[in-house]
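See below for the structure under consideration.
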Amino acid sequence: NLQDADVVGHGPFQFVSWTFGVETLVARNEDFFTGVDAQTGIVFDALLTSILKKPTTDGIRFLPFASADLCAYALNISAVDFCHANLPPSVVPDLRNNTAVAIELNAEPGFFYMGYNMRKAPFGYLMNDSANDVGYWFRQAVPHLADKRYFVDILLQGLAIVGHGFVSPANTFWYNDFIPKPVYNLTEARAVLDSPQAQAVGIGVDPPGVCSWATPGGCRQLPGTGNATFEILTPEMSYDPVRATAGAMIAQSMRDVGLNANATGLPFSALVNRIYQVAFDMYILGWRIGGTDPDYLYSFFHSSNEAPLGQNYPGFRNATFDAVIDASRAELDRGVRQGLIFQAQSILSDARPYEVLYYRTNVE
């Protein structure tokens, strides 16, 4: 039950008011100390005077929008001055035609990906035993079922690049370009699923007939689930049409090769809650990453960080990866550490706890 009067602080702006779900106001702090006495003009600290300045704007009004599209529309009609969001490609042409609007593009160090619940078959470990990874061949087939080039060229209108690894190519020093780069090809996916290795872990042949939730008899038998439907959770279409469409397309490709997948769009908060609660089969989300250091690989994949307490949402457990990423955290020689990070990427690119889909270009 906080009230406006309860908010305290100091800095270049002062809090004015907050109306939940409507707006937040801050105003320039006229008493902000820059090294000069605000009343007399006496300079107390010339160094501070050269560094600290009062804001050049009277204040800031923060307005929440339900979507980035709506913010872009408000920007286009000069109802707002800046959209603090990555704008979708669909709004870029109109904004570029508006001479009052400037657009900046920059490479996103994060990535968008599809994750698996590796605690269960057929996606990962049989009965959550990491020594029995029956989902390995399932995960090897999936990259051939994701039309990443379509996602980038059509859905994102070229404002992205195809994703393969767990470090963005824009992060040039740490990116390992020697990782595998599987291509979209249903024939290749079928070949993996029909291989003796896949059959040995319980992946059945593709029976005749259409594979769907309504006609499971046309779907492959899989370890742990048989031919029952499994879910790919995505943000709902109104939140992110790219991820929602990508999930639907991957699910259709899966059914085309006999995997009984269904894409389910959820409100973003509901999707995140399902991930935190480890109540999912597969999901599509993204990581925004600040800075260039690849230590986030420890947070995402080290076995000590498994969800729900950590960010290892798939529940990936690999002793070799743990040892390599631990060594990278203790290594002071940047060149040696680069080799360890490259090795960590190679391990992940083989195990594939995520299927990285694309690296988005930020549109601001």
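Numbers here are sequence positions counted from 1. Small disclaimer: the values here were computed from a predicted structure and weren't measured.
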Inset, instruction - Tell me, with the steps shown, if K120 and D281 meet salt bridge (charged side-chain N to carboxylate O under 4.0 Å, His left out). - result: CA-CA 8 Å; K120 60 182 181 178; D281 298 323; 2.6 Å; yes
Any side-chain heavy-atom pair from [X] and [Y] closer than 4.5 angstrom?
{"X": "L193", "Y": "Q140", "result": "no"}
{"X": "N262", "Y": "I232", "result": "no"}
{"X": "P308", "Y": "Y276", "result": "no"}
{"X": "S17", "Y": "T24", "result": "no"}
{"X": "T57", "Y": "F13", "result": "yes"}
{"X": "P143", "Y": "R352", "result": "yes"}
{"X": "V7", "Y": "Q14", "result": "no"}
{"X": "P235", "Y": "L266", "result": "no"}

Rounded to the nearest 0.5 Å, what separates atom [atom1] in [X] from atom [atom2] in [Y]?
{"X": "R329", "Y": "Y298", "atom1": "CZ", "atom2": "OH", "answer": "5.0 Å"}
{"X": "N227", "Y": "C211", "atom1": "CG", "atom2": "SG", "answer": "8.0 Å"}
{"X": "S238", "Y": "D69", "atom1": "OG", "atom2": "CG", "answer": "9.5 Å"}
{"X": "L222", "Y": "F230", "atom1": "CG", "atom2": "CZ", "answer": "6.5 Å"}
{"X": "L357", "Y": "D147", "atom1": "CG", "atom2": "CG", "answer": "11.0 Å"}
{"X": "L297", "Y": "D295", "atom1": "CG", "atom2": "CG", "answer": "8.0 Å"}

Within the side chain of [X], is there an N or O that forms a donor-acceptor pair under 3.5 Å with the backbone of [Y]?
{"X": "E331", "Y": "D333", "result": "yes"}
{"X": "S67", "Y": "L70", "result": "yes"}
{"X": "E108", "Y": "G110", "result": "yes"}
{"X": "N273", "Y": "S269", "result": "yes"}
{"X": "N176", "Y": "Q345", "result": "no"}
{"X": "H164", "Y": "I179", "result": "no"}
{"X": "D240", "Y": "E236", "result": "no"}
{"X": "D350", "Y": "I347", "result": "no"}
{"X": "T40", "Y": "I42", "result": "yes"}
{"X": "T245", "Y": "V242", "result": "no"}

Inset, instruction - Cation-pi check, R139 to F123: give yes when NZ or CZ is under 6.0 Å from the six-membered ring centre and within 45° of the ring axis, no otherwise. - result: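 Verdict for F123: no cation-pi partner in R139.
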Inset, instruction - Establish, for the pair R243 and Y358, whether the NZ or CZ atom is under 6.0 angstrom from the six-membered ring centre and no further than 45 degrees off its axis. - result: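 No, R243 does not sit over the ring of Y358.
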Assess whether atom [atom1] of [X] is packed by more than 12 heavy atoms of other residues, nucleotides or ligands within 6.0 Å.
{"X": "E30", "atom1": "CD", "result": "yes"}
{"X": "D81", "atom1": "CG", "result": "no"}
{"X": "Y296", "atom1": "OH", "result": "yes"}

Going hydrophobic residue to hydrophobic residue with side-chain gaps under 4.5 angstrom, can you get from [X] over to [Y]?
{"X": "I103", "Y": "F65", "result": "yes"}
{"X": "V91", "Y": "Y239", "result": "no"}
{"X": "L25", "Y": "F15", "result": "no"}
{"X": "V278", "Y": "F268", "result": "yes"}
{"X": "W213", "Y": "M254", "result": "no"}

Pair [X] and [Y], ring centroids less than 6.0 Å apart:
{"X": "F342", "Y": "W174", "result": "no"}
{"X": "F316", "Y": "Y354", "result": "no"}
{"X": "Y283", "Y": "Y113", "result": "yes"}

Is there a donor in the side chain of [X] and an acceptor in the side chain of [Y], or the other way round, less than 3.5 Å apart?
{"X": "R190", "Y": "N185", "value": "no"}
{"X": "N305", "Y": "S299", "value": "no"}
{"X": "T229", "Y": "N260", "value": "yes"}
{"X": "S346", "Y": "S349", "value": "no"}
{"X": "D256", "Y": "Q252", "value": "yes"}
{"X": "E364", "Y": "N106", "value": "yes"}

Inset, instruction - Using the side chain to side chain contact (heavy atoms under 4.5 Å, CB included) rule, take K181 and D177 through it: C-alpha gap first, then chi angles, then the decisive distance, then the call. - result: CA-CA 9 Å; K181 301 179 179 66; D177 195 33; 3.3 Å; yes
Ion pair check, [X] and [Y], cut-off under 4.0 Å:
{"X": "K148", "Y": "E355", "answer": "yes"}
{"X": "R220", "Y": "D194", "answer": "yes"}
{"X": "R337", "Y": "D293", "answer": "yes"}

Inset, instruction - Please assess L87 against C83 for the test side chain to side chain contact (heavy atoms under 4.5 Å, CB included), listing each intermediate value before the final yes or no. - result: CA-CA 8 Å; L87 298 180; C83 287; 3.9 Å; yes
Inset, instruction - May I have all residue pairs that pass ring pair (Phe, Tyr, Trp, His ring centres under 6.0 Å) and include part of residues 16-63, sequence neighbours excluded? - result: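 The answer is W18-F20.
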If you compare all heavy atoms of [X] against all heavy atoms of [Y], which two are closest, and at what distance to 0.1 Å?
{"X": "A263", "Y": "A251", "value": "N-CB, 3.8 Å"}
{"X": "T215", "Y": "V210", "value": "OG1-O, 2.7 Å"}
{"X": "F301", "Y": "D322", "value": "O-OD1, 4.2 Å"}
{"X": "T361", "Y": "N86", "value": "O-OD1, 3.5 Å"}

Inset, instruction - In sequence, state the C-alpha distance, the side-chain angles, and the governing distance for V142 and Y116, and then conclude on side chain to side chain contact (heavy atoms under 4.5 Å, CB included). - result: CA-CA 11 Å; V142 169; Y116 306 88; 3.2 Å; yes
Legend entry - Parallel, tilted or perpendicular, as decided by the 30° and 60° cut-offs, for the rings of W287 and F300: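 Correct class here is parallel.
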Legend entry - Chi angles and distances behind the side-chain hydrogen bond (donor to acceptor under 3.5 Å, both in side chains) call for D94, N76: CA-CA 8 Å; D94 281 347; N76 218 11; 4.8 Å; no
